[in-house]
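Just below is one structure, and these are the notes that go with it.
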Amino acid sequence: MVKVRFLGHAAFYLESEGLRALIDPFLTGNPMAESGPEEFLDVNYIFVTHGHRDHIGDTVEIARASGATVISNFELSNLFQNAGLNCHPMHVGGVFQFPFGRVKMTTAIHGSDVEIEGKLVPGGNPGGFLLGLEGKKIYHAGDTGLTSDMQLLEIEKVDVALLPIGGNFTMDVTDAVRAVEMIKPRIVVPIHYNTFELIKADPWEFKDKLPDQVRTEILEVGQSLEI
Ligand code: NI
Ligand code: MN
């Protein structure tokens, strides 16, 4: 069984055979988060979609303490390696078979620079992750605008799509509905909304606008989905 636990904003904890992982672990300073980094010191992988602070979050601290391997784009991987972390660099469009499952990095239309000591450092291209775990497919879109590339995900037969709906920096509700029409996932979970003033959105409006055959799961912080 694959467990997908929402930690607030775009952060998730994933558990499946051979995998205890975080995605975009923005916990410290996340107004929505109810868990701290200390709860995740036994993770073995951390996925980072792009270099923005609300996605890198506590990656360095947790990876240092746990020894987890950080999976990110090549440019972020270099920065994480310089910080002494174990890394597995990938890039957009690339697929790799890990011991726990298959990982594909997907495109995202966004930025990825990293703020280091008050300066912005290039963080490569932003992405998302398509994870194949125990025969199930989970897609974390990262931060992205609507893009026709999402049509390519239909052939992957996504079980769970974690999609931003907050607008301003990413898709809003209207565009996220169009994304669902392209991806055709079995289950959709709205993410990246209501954390800050600029990304206010109503997940129930999103649910109402989606076709009936799509199961929408509006997860409370701390709540898990088991598939
Ligand atoms: Ni971002
Ligand atoms: Mn973000």
Side-chain angles (χ1 to χ4, degrees), residues 4-14 22-27 29-33 47-57 59 72-73 76 92 104-113 123-131 137-154 156 158-211 214-221 223 225:
V4 180
R5 179 174 160 208
F6 185 48
L7 302 177
H9 197 55
F12 283 86
Y13 173 71
L14 289 180
L22 288 162
I23 308 181
D24 288 356
F26 172 46
L27 304 174
N30 177 351
M32 278 177 81
F47 298 88
V48 179
T49 61
H50 67 290
H52 293 162
R53 201 194 334 208
D54 58 320
H55 297 263
I56 286 187
T59 295
S72 68
N73 75 25
L76 290 178
V92 172
K104 182 175 198 176
M105 264 201 95
T106 56
T107 48
I109 307 296
H110 196 66
S112 183
D113 284 6
N125 284 319
F129 290 103
L130 179 68
L131 309 173
K137 289 208 180 151
I138 296 148
Y139 169 57
H140 188 300
D143 279 3
T144 184
L146 182 69
T147 156
S148 56
D149 284 358
M150 288 168 177
Q151 287 172 16
L152 297 171
L153 288 163
E154 187 189 348
E156 298 279 358
V158 173
D159 289 284
V160 183
L162 313 171
L163 301 178
I165 65 159
N168 191 69
F169 299 110
T170 69
M171 300 189 284
D172 60 5
V173 165
T174 306
D175 277 351
V177 169
R178 292 184 183 123
V180 171
E181 285 164 0
M182 285 194 262
I183 301 164
K184 298 186 174 61
R186 196 160 61 82
I187 305 168
V188 181
V189 179
I191 65 171
H192 210 274
Y193 65 95
N194 291 353
T195 320
F196 310 110
E197 200 56 38
L198 284 174
I199 58 170
K200 284 215 174 304
D202 179 3
W204 299 98
E205 183 198 341
F206 177 57
K207 188 181 167 100
D208 284 348
K209 285 184 170 169
L210 286 174
V214 182
R215 182 174 140 204
T216 313
E217 289 285 345
I218 299 169
L219 297 182
E220 298 290 332
V221 174
Q223 200 184 340
L225 191 66

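Values in this document were obtained by computation on a predicted structure and should not be read as measured data. Numbers here are sequence positions counted from 1.
- The side chain to side chain contact (heavy atoms under 4.5 Å, CB included) test applied to Ile109 returns Thr144, Thr147, not counting sequence neighbours.
- With sequence neighbours excluded, the residues that form a salt bridge (charged side-chain N to carboxylate O under 4.0 Å, His left out) with Lys209 are Glu205.
- Heavy-atom minimum distance, Ala10 versus His192: CB-CD2, 4.2 Å.
- With sequence neighbours excluded, the residues that form a side chain to side chain contact (heavy atoms under 4.5 Å, CB included) with Thr106 are Leu130, Tyr139, Leu153.
- Distance check: Leu162 CG to Leu14 CG gives 8.0 Å after rounding to the nearest 0.5 Å.
- Here Glu181 pairs with nothing under the side-chain hydrogen bond (donor to acceptor under 3.5 Å, both in side chains) rule; sequence neighbours left out.
- Pairs of residues two or more places apart, or lying in two chains, that qualify as salt bridge (Lys or Arg N to Asp or Glu O under 4.0 Å) and include a residue from residues 158-170 are Asp159-Arg186.
- Phe47 pairs with exactly one of Asp24, Leu22, Leu131 by the side chain to side chain contact (heavy atoms under 4.5 Å, CB included) rule, that one being Leu131.
- Listed by chain and residue number, His9, Asn30, Pro31, Met32, Ile199 satisfy the side chain to side chain contact (heavy atoms under 4.5 Å, CB included) test with Thr195 (two or more places apart in sequence, or in another chain).
- No donor-acceptor distance shorter than 3.5 angstrom exists from the side chain of Asn125 to the backbone of Ser112, with no hydrogens or angles considered.
- Of all the heavy atoms in Val173 and Ala201, the pair that sits closest is CG2-CB, 4.3 Å.
- In this structure, Leu76 CG and Asn73 CG are separated by 4.0 Å, a value rounded to the nearest 0.5 Å.
- Within the 4.5 Å cutoff, side-chain heavy atoms of Leu163 are placed close to those of Ile183.
- In this structure, the side-chain hydrogen bond (donor to acceptor under 3.5 Å, both in side chains) partners of Glu217, at least two apart in sequence or on a different chain, are Arg215.
- Residues passing the salt bridge (charged side-chain N to carboxylate O under 4.0 Å, His left out) test with Asp54: none are found, sequence neighbours excluded.
- In this structure Thr59 satisfies the side-chain hydrogen bond (donor to acceptor under 3.5 Å, both in side chains) test with no other residue, sequence neighbours excluded.
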Using the side-chain contact (heavy atoms from CB on, under 4.5 Å) rule, take Met105 and Phe129 through it: C-alpha gap first, then chi angles, then the decisive distance, then the call.
-> CA-CA 5 Å; Met105 264 201 95; Phe129 290 103; 3.5 Å; yes
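- Partners of Asp202 by side-chain hydrogen bond (donor to acceptor under 3.5 Å, both in side chains), not counting sequence neighbours: none found.
- Taking CH2 of Trp204 as the start and CD1 of Ile218 as the end, the distance is 4.0 Å to the nearest 0.5 Å.
- When all heavy atoms are compared, the tightest approach of Met150 to Leu146 is SD-CD1, 4.1 Å.
- Distance check: Lys104 NZ to Lys137 NZ gives 8.5 Å after rounding to the nearest 0.5 Å.
- Interatomic distance, CG of Asp113 versus NE2 of His50, reported as 10.5 Å (0.5 Å rounding).
- Rounded to the nearest 0.5 Å, atoms CZ (Arg5) and CG (Leu225) are 13.5 Å apart.
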Under 3.5 Å, which donor-acceptor pairs link side chains of residues 165-172 to any protein atom two or more places apart or in another chain?
{"residue": "Asp172", "atom": "OD1", "partner": "Thr174", "partner atom": "N", "Å": "3.3"}
{"residue": "Asp172", "atom": "OD1", "partner": "Asp175", "partner atom": "N", "Å": "2.9"}

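- Taking the six-membered ring where tryptophan is involved, the planes of Phe26 and Phe196 are tilted, since the angle between them lies from 30° to 60°.
- For Pro126 against Gly111, the heavy-atom pair with the smallest separation is CB-O, 3.5 Å.
- Residues satisfying the ring pair (Phe, Tyr, Trp, His ring centres under 6.0 Å) test with Phe12, not counting sequence neighbours, are Phe6, His140.
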